[in-house]
Amino acid sequence: TRVGILISGGGSNMVALARDMTGDHPGRARLVIANDPGAGGLLKANALRIPTAVVDHRDFPKDRVGFEAALQAALEEARIEVVALAGFMRILTPAFTAKWAGRMLNIHPSLLPKYKGLHTHARVLEAGDARHGCTVHEVTADLDDGPILGQARMDVRPGDTPQTLAERLLPLEHRLYPLVLRRYLAGDRTPVMLDG
Ligand code: GRF
């Protein structure tokens, strides 16, 4: 299966996915697309010899449809069959998510359905939750709302800040996402639950 990975920043989740897709993996990372030409993940994709593309959302002001048409063109040119959003910070329209229904995943840094959207670490602390984690889910029209394919959970510790939570969560993301994608590509949708 030809997998495309969409990023906006450092791309550490992209690296984890790409590194896992070697050998007998049922999928291979064939394209990395960033919506920002300065995304550090582009350099990491180069180092991994994965073709890259930039579709800069700033080239499509107030034109989400045009932005997504450019995304779609790049994905089709690379004959991508499954898309993994990995630190991708743009909201996709229902039309685009419908086109990729059943073939698009995302990782979100909270234990969904709690804390959809942004600033999840701060919100966990504000709520005084004892546990935090990340979720891989299928992408649907509603933000951070699709069927859950896996979660990794960890404790919140006294003195934790949003920064320390994010730092402790990222390695769990790097364990969870490749595991979920591997099973997803093998047609297995049973949720993966990891404890960090
Ligand atoms: C991670 O916290 C991830 O959960 C969120 O974006 C952050 C950076 O991810 N979606 P990456 O290093 O760009 O993969």
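Indexing begins at 1, ligand by ligand and atom by atom, following the structure's order. Residues: numbered from 1 along the sequence shown.
- Crowding of Glu167 atom CD: a count of heavy atoms from other residues, nucleotides or ligands under 6.0 Å exceeding 12.
- Annotation: salt bridge (Lys or Arg N to Asp or Glu O under 4.0 Å) contacts involving residues 31-46, sequence neighbours excluded, comprise Asp36-Arg58.
- With 3.5 Å as the limit, one finds a donor-acceptor pair spanning the side chains of Asp129 and Tyr115.
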Output, or 'none' if empty, a list of ligand 1-protein atom pairs in which both atoms are N or O and the distance is under 3.5 Å, rounded to 0.1 Å.
| residue | atom | partner | partner atom | Å |
| --- | --- | --- | --- | --- |
| ligand 1 | 2 (O) | Glu173 | OE2 | 3.4 |
| ligand 1 | 4 (O) | Glu173 | OE1 | 2.7 |
| ligand 1 | 4 (O) | Glu173 | OE2 | 3.0 |
| ligand 1 | 12 (O) | Ser12 | N | 3.0 |
| ligand 1 | 12 (O) | Ser12 | OG | 2.6 |
| ligand 1 | 13 (O) | Gly11 | N | 2.9 |
| ligand 1 | 14 (O) | Ser12 | N | 3.3 |
| ligand 1 | 14 (O) | Asn13 | N | 2.8 |
| ligand 1 | 14 (O) | Asn13 | ND2 | 3.0 |

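- Residues satisfying the side chain to side chain contact (heavy atoms under 4.5 Å, CB included) test with Arg90, not counting sequence neighbours, are Asn35, His57, Phe67, Phe88.
- For Thr135 and His137, the side-chain atoms include no donor-acceptor pair closer than 3.5 Å.
- Residue pairs that meet the salt bridge (Lys or Arg N to Asp or Glu O under 4.0 Å) test with at least one member in residues 146-161, sequence neighbours left out, are Arg131-Asp155, Arg153-Asp195, Asp160-Arg168.
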